[in-house]
Each structure stands twice: as structure tokens, then as C-alpha cells.
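Worksheet for the structure shown next.
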Amino acid sequence: MKKKPEIIGERLNGSVSSVGKAIERRDGAFIRQAALCQARQGADYLDVCASASEDEAEILRWMIEEVQSAADLPLCLDSPDGRVLEQAAGYCRRPGILNSVSLGREEDLERIFFFLKKHPGWKAVAMLGGRTGFPRTAEGRLEILEEILRRLELLGLEEGRVYADPVVEAAAFADSDDPGSRDPRAVLETISGIRRRYPGVHIAAAVSNISHGLPARSYVNQSFGVLALAAGADCLILDPLDKGLQGALSAAGSLLSLDGEPSCLGYVRDYRKHLF
């Protein structure tokens with residue numbers, strides 16, 4: 001049965017200048033307010049990313065404590081280091097999502113999948129990248145997902161424990177000498193291919209990635225978010241405070257009957273909740 005997509009709020013990322021400065025100052029009030037605002041605007045998970053090369057686990061511990069004191073939502077822990085993800089998960093009050101693993105990092109993939117086996121409530125984001133980078137074609141990305149799911153099955157874990165990341169890249173930075181480079185159509189084809197072949201797998205698309213380097217980014221994000229929903233994405237990583245984006249996605253979800261309600265009642269309810 002189709003359902004309204006999950007929203008992962010992206011605003012608590014240390015790579016964002018204001019968040020990075022708050023981390024440096026250990027400004028807990030800033031972190032708590034950012035968490036609370038996203039929760040009020042309909043986020044289902046809050047992404048927490050230190051974006052630090054040093055003391056990453058300790059920064060995540062501090063951020064997690066601040067976020068959990070302000071918002072009663074599960075977290076999406078974001079780090080390229082499997083050891084850090086595993087450690088940070090121990091600071092969480094409830095299971096969430098570990099972001100991320102890929103075939104390009106074999107040791108971390110194995111570590112996180114064993115963690116999932118020992119901790120049934122947790123899920124993981126799997127980026128569809130391989131040992132030599134990200135395939136340019138949808139078929140190449142689907143082949144990577146097939147291998148990831150094979151490893152998941154060997155551990156007795158079900159498909160629903162994985163959120164496949166179709167690898168959304170900035171459309172503005174496409175390489176003119178490589179027609180397949182950063183092509184949004186390949187991402188959308190990947191999403192629709194996953195939904196056809198592996199209906200139990202979640203699909204998490206990082207919507208805001210598509211618009212880096214472009215003016216009036218919200219319009220680009222709105223357009224891509226709607227296309228991703230139509231292709232079959234059931235989880236979107238985005239800024240919940242972007243009301244134009246929230247409105248576009250709510251309307252698209254109702255028109256696609258993702259909320260399972262007639263007459264766009266879900267859209268009307270979101271409007272009355274002041275999500276947009």
C-alpha cells in the first residue's frame with residue numbers, strides 16, 4: 001500500500017556554516033531550536049551530522065543530547081565512518097537510521113549490517129556507489145543495490161531495513177564531456193527501477209543536492225522532489241522549513257494518492273497544520 005513519504009530534516013549538518021559555528025561554540029540553544037523547528041514542520045527523522053574530521057564521535061554525542069532534549073523524534077545519524085555511526089547509535093534513546101554504507105567501504109558495510117542484526121529497530125542508508133565510484137547509469141546503480149541486498153539476505157535481514165540512496169548530485173555541475181554525468185534522469189530511472197524490482201526497499205533521495213550552484217534553489221528542489229515522489233521515492237531528505245517545497249510535496253502526494261485519502265484531504269490537513 002502506498003503511503004505518504006517520510007521526511008528526514010537536513011538542517012543539523014555541520015557543513016552548513018551556521019551549524020558549524022554553533023558546533024564550534026557548543027551553542028546548545030541553536031541546536032535545540034533547529035531540532036524543534038524541524039519537528040514542528042513535519043519531519044519524521046532528524047539528520048544529525050557533525051561534518052568533522054576530528055572528535056566526530058564526541059561532537060555527535062553532544063549534538064544528539066541537545067537534539068533529544070528538544071524534539072521527540074528518531075534520528076538519522078550521518079557519518080562516513082562506520083565506527084562513529086555504531087558508537088553514536090549508543091547515545092540514542094530509540095532506534096533510527098544509520099547514514100550511510102556502500103560497497104566502496106566494505107568494512108563499514110559489514111560492520112553496520114552486523115549492527116542491524118543485533119539491533120532490530122535500526123535501519124541503514126545504502127549509497128549506490130561501488131569500489132570505483134558512482135555508476136552513471138540507472139542499471140549500474142541497480143546492480144550495486146542487488147549486491148548489497150544479497151549481503152543483507154545472507155545475514156537474514158529483510159529488504160525493509162535498507163534505505164537505498166540513488167545518489168542525487170548537483171545538476172549544475174554536470175560535465176559537458178560526459179553526457180551521463182550528474183544527470184537527474186539517471187536518478188529518477190534508478191528510483192523507478194528500485195520500486196519495480198525491490199518493492200520492499202525504502203528509497204531515500206537527498207532532494208537539496210540537486211540544486212547546489214543554482215539560483216532560486218527552492219524551485220529546483222520543488223520540481224525534483226515531485227518527480228522523485230512520482231518515480232517511487234518514499235523518503236526525502238530536505239529542509240522542512242522550506243514551505244514552498246512542503247506545499248508542492250503535499251499536493252503531489254495527494255494527487256498521487258500517497259496519503260490514501262480521497263479529495264486531497266491530506267493536502268488540506270497539511271495546510272491547516274501550517275506546514276506551508
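Numbers here are sequence positions counted from 1.
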Rounding to 0.5 Å, atoms OG (Ser208) and CD (Glu10) come to a distance of 3.5 Å

Side-chain (Arg182) to main-chain (Ala172) donor-acceptor, under 3.5 angstrom: no

Could you check whether any side-chain N or O of Lys243 sits under 3.5 Å from a backbone N or O of Leu275, counting only pairs where one atom can act as donor and the other as acceptor? no

Start with the C-alpha distance between His274 and Gln41, add both sets of side-chain angles, then the distance that settles side-chain contact (heavy atoms from CB on, under 4.5 Å), and finish with yes or no. CA-CA 8 Å; His274 305 291; Gln41 284 301 119; 5.5 Å; no

More than 12 non-hydrogen atoms from neighbouring residues, nucleotides or ligands closer than 6.0 Å to CZ on Arg272, yes or no? no

Residue Arg83 excluded, over 12 heavy atoms near CZ under 6.0 Å: no

In this structure, which one of Ser192, Pro166, Cys235 forms a side chain to side chain contact (heavy atoms under 4.5 Å, CB included) with Ile203? Pro166

With Arg11, the side chain to side chain contact (heavy atoms under 4.5 Å, CB included) member among Asp242, Leu241, Leu238: Leu241

Ignoring hydrogens, what is the shortest heavy-atom contact between [X] and [Y]? Give both atom names and the distance.
| X | Y | answer |
| --- | --- | --- |
| Gly133 | Pro135 | O-CD, 3.6 Å |
| Gly140 | Thr137 | N-OG1, 3.1 Å |
| Pro5 | Leu229 | CG-CD2, 3.4 Å |

Judged by modelled atom types alone, do Glu6 and Tyr163 share a side-chain donor-acceptor pair under 3.5 Å? yes

Say whether Ser79 and Asp81, considering side chains only, have a donor N or O and an acceptor N or O under 3.5 Å apart. no

Between Trp122 and Arg161, is there a cation-pi geometry (under 6.0 Å to ring centre, at most 45° from the normal)? no

Between Gln246 and Ser250, does the side-chain hydrogen bond (donor to acceptor under 3.5 Å, both in side chains) criterion hold? Intermediate values first, please. CA-CA 6 Å; Gln246 285 273 43; Ser250 178; over 6 Å; no

With a 3.5 Å cut-off and sequence neighbours excluded, list the donor-acceptor pairs that the side chains of residues 107-115 form with protein atoms.
unit_1	atom_1	unit_2	atom_2	d
Asp108	OD1	Gly82	N	3.3
Asp108	OD2	Gly82	N	3.2
Arg111	NH1	Glu86	OE1	3.1

Assess whether a salt bridge exists between Arg217 and Asp239, defined as any Lys/Arg side-chain N lying under 4.0 Å from an Asp/Glu carboxylate O. no

So that I can tick it off, tell me whether Arg61 and Glu58 are bridged by a salt bridge, with the cut-off set at under 4.0 angstrom between side-chain N and carboxylate O. yes

